[in-house]
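Encoded as structure tokens, the structure appears first; notes follow it.
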Amino acid sequence: MSKTYTDKDHALILGGVFQAARITFELARYGRTDESALETSIDSLFQSRPENVTAVFGSPRSVSLGLRHFITQLESPADRNPELTRYSIRLLQLGRKLITDRNTLDALGRDLEDFQSRMQAFGFENSTRHTQLAGIYQNHISKLSPRIMVQGEPEHLNTPDVAARIRCALLAGVRAAHLWYQCGGKRWHLLIRQKRLLAAAHELLEEET
């Protein structure tokens, strides 16, 4: 990818992070989410050699759920969701951790490549796909600190399919967060460059309408 990144690139990546956080919140609290958003987030896991940031997600439309909630979290304090904020911060922290933990990053990459090869060869139903990706999350990301403690309704958290989809969303969120740092993003950019990132997020959503 290019070594020069725009505010739109960074806003798009944050859309990926916030989308994963929102999907996690919805599944944990309600047991359901936008399945199209979940699947496009999962697809981003397999973009290992993208030409640019947009290629990771497909298009801004693919992370429109995340872009909308990114805007709400930063622009509308009265509507801010504290759980969404906490998940997003934890994802960014884990993304940063992978920058320095090369062994975990390499092992995660190998497992995703192996899974992609098997998926292409045999094809998997969504439930099998979710379960196997959830296992990859548990093997590599659950061991890292800080751990993401998901809050929600026990009836949903204890449902295997819902729990697997939550882990898939978190895995995609960590991938987006890692990309944020790869592309020069910093935690303090969310404060210092907040207006620019919000303007870029609005532009991305407008381009898709």
Side-chain angles (χ1 to χ4, degrees), residues 1-26 33-34 36-101 105 141 144 146 148 169-209:
M1 289 195 298
S2 167
K3 292 186 179 180
T4 302
Y5 302 98
T6 66
D7 289 333
K8 282 188 179 181
D9 287 329
H10 285 144
L12 193 63
I13 295 169
L14 289 171
V17 174
F18 277 76
Q19 181 153 297
R22 181 65 192 185
I23 290 170
T24 297
F25 170 79
E26 290 179 351
T33 191
D34 182 330
S36 176
L38 173 60
E39 293 307 316
T40 55
S41 292
I42 289 174
D43 287 344
S44 71
L45 291 167
F46 306 108
Q47 308 305 317
S48 57
R49 295 175 182 82
E51 294 182 0
N52 50 48
V53 170
T54 301
V56 175
F57 303 104
S59 73
R61 185 185 299 276
S62 299
V63 291
S64 58
L65 175 69
L67 288 168
R68 290 197 302 272
H69 285 288
F70 168 66
I71 290 169
T72 299
Q73 289 292 104
L74 271 66
E75 282 189 347
S76 306
D79 298 321
R80 191 170 294 154
N81 182 324
E83 289 180 48
L84 199 60
T85 299
R86 181 166 56 83
Y87 295 149
S88 300
I89 290 173
R90 288 290 182 267
L91 288 170
L92 287 168
Q93 289 173 327
L94 288 171
R96 177 61 181 156
K97 179 65 68 73
L98 286 179
I99 291 289
T100 58
D101 189 344
L105 182 62
I141 305 301
L144 300 179
I148 299 179
L170 292 175
L171 185 60
V174 172
R175 189 268 190 268
H178 179 253
L179 182 64
W180 166 258
Y181 291 105
Q182 280 185 309
C183 296
K186 307 291 183 184
R187 282 278 302 276
W188 55 266
H189 286 172
L190 291 169
L191 296 174
I192 304 300
R193 300 183 182 176
Q194 185 176 122
K195 289 184 178 179
R196 288 168 48 182
L197 290 169
L198 284 169
H202 278 291
E203 287 183 34
L204 288 168
L205 286 176
E206 289 169 3
E207 290 171 2
E208 294 299 314
T209 59

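Values in this document were obtained by computation on a predicted structure and should not be read as measured data.
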A side-chain contact here means heavy atoms from C-beta on lying under 4.5 Å apart; do Leu197 and Leu14 qualify?
yes
Return the minimal non-hydrogen interatomic distance between Ala177 and Val17, and the atom names on each side.
N-CG2, 3.7 Å
How many angstroms lie between CG in Asp7 and NE2 in His189, if you round to the nearest 0.5 Å?
9.5 Å
Looking only at heavy atoms, which two atoms of Glu51 and Ala55 are closest? And how far apart?
N-CB, 4.1 Å
What one should report as the nearest heavy-atom pair of Leu204 and Ala11 is CD1-CB, 4.0 Å
For the side chain of Arg175 and the backbone of Gln47, is there at least one donor-acceptor N/O pair under 3.5 Å apart?
yes
Note: Ser88 and Ala21 closest approach over all heavy atoms is OG-CB, 3.4 Å
Between atom NZ of Lys186 and atom CG of Leu92, what is the distance when rounded to the nearest 0.5 Å?
13.0 Å
Heavy-atom pair of closest approach, residues Ile148 and Leu91:
CD1-CD2, 3.6 Å
Derivation of the side chain to side chain contact (heavy atoms under 4.5 Å, CB included) call for Val174 and Leu144
CA-CA 11 Å; Val174 172; Leu144 300 179; over 6 Å; no
Supply the atom-to-atom distance Leu179 CG to Ile13 CD1, rounded to the nearest 0.5 angstrom.
4.0 Å
Using side chain to side chain contact (heavy atoms under 4.5 Å, CB included), reason through Leu198 and Lys195 one step at a time and then give a plain yes or no.
CA-CA 5 Å; Leu198 284 169; Lys195 289 184 178 179; 5.8 Å; no
Under the ring-ring contact (aromatic ring centres under 6.0 Å, His included) rule, what pairs show up with a residue in residues 70-96, not counting sequence neighbours?
Phe18-Phe70
Could you report the tightest heavy-atom contact between Phe57 and Ala176, atom names first, then the distance?
CZ-CB, 4.2 Å
Distance (rounded to the nearest 0.5 Å) between Arg96 CZ and Gln93 CD
11.5 Å
Taking only residues two or more places apart in sequence, or in another chain, which ones meet His69 in a side chain to side chain contact (heavy atoms under 4.5 Å, CB included)?
Arg22, Leu65, Leu84
Would you check if His178 and Leu94 make a side-chain contact, meaning some heavy-atom pair closer than 4.5 Å?
no
Let me see the working for Val56 and Leu12 under side chain to side chain contact (heavy atoms under 4.5 Å, CB included), right down to the final yes or no.
CA-CA 10 Å; Val56 175; Leu12 193 63; over 6 Å; no
Interatomic spacing from CG in Leu171 to OG in Ser44 - rounded to 0.5 Å:
8.5 Å
So Arg80 and Pro77, do their side chains get closer than 4.5 Å, heavy atoms only?
yes
Does atom CZ of Arg86 have more than 12 heavy-atom neighbours, drawn from other residues, nucleotides or ligands, at distances under 6.0 Å?
yes
Side chain to side chain contact (heavy atoms under 4.5 Å, CB included) evaluation trace for Leu205 with Ile71:
CA-CA 10 Å; Leu205 286 176; Ile71 290 169; 3.6 Å; yes
For residues 9-21, which residue pairs pass the side chain to side chain donor-acceptor pair (under 3.5 Å) check, not counting sequence neighbours?
Thr6-Asp9, Gln19-Ser41
Using modelled atom types only, decide if a donor and an acceptor are shared between the side chain of Thr40 and the backbone of Ser62 within a distance under 3.5 Å.
yes
Looking only at atom types and distance, does a side-chain atom of Thr33 sit under 3.5 Å from a main-chain N or O of Glu26, one as donor and one as acceptor?
no
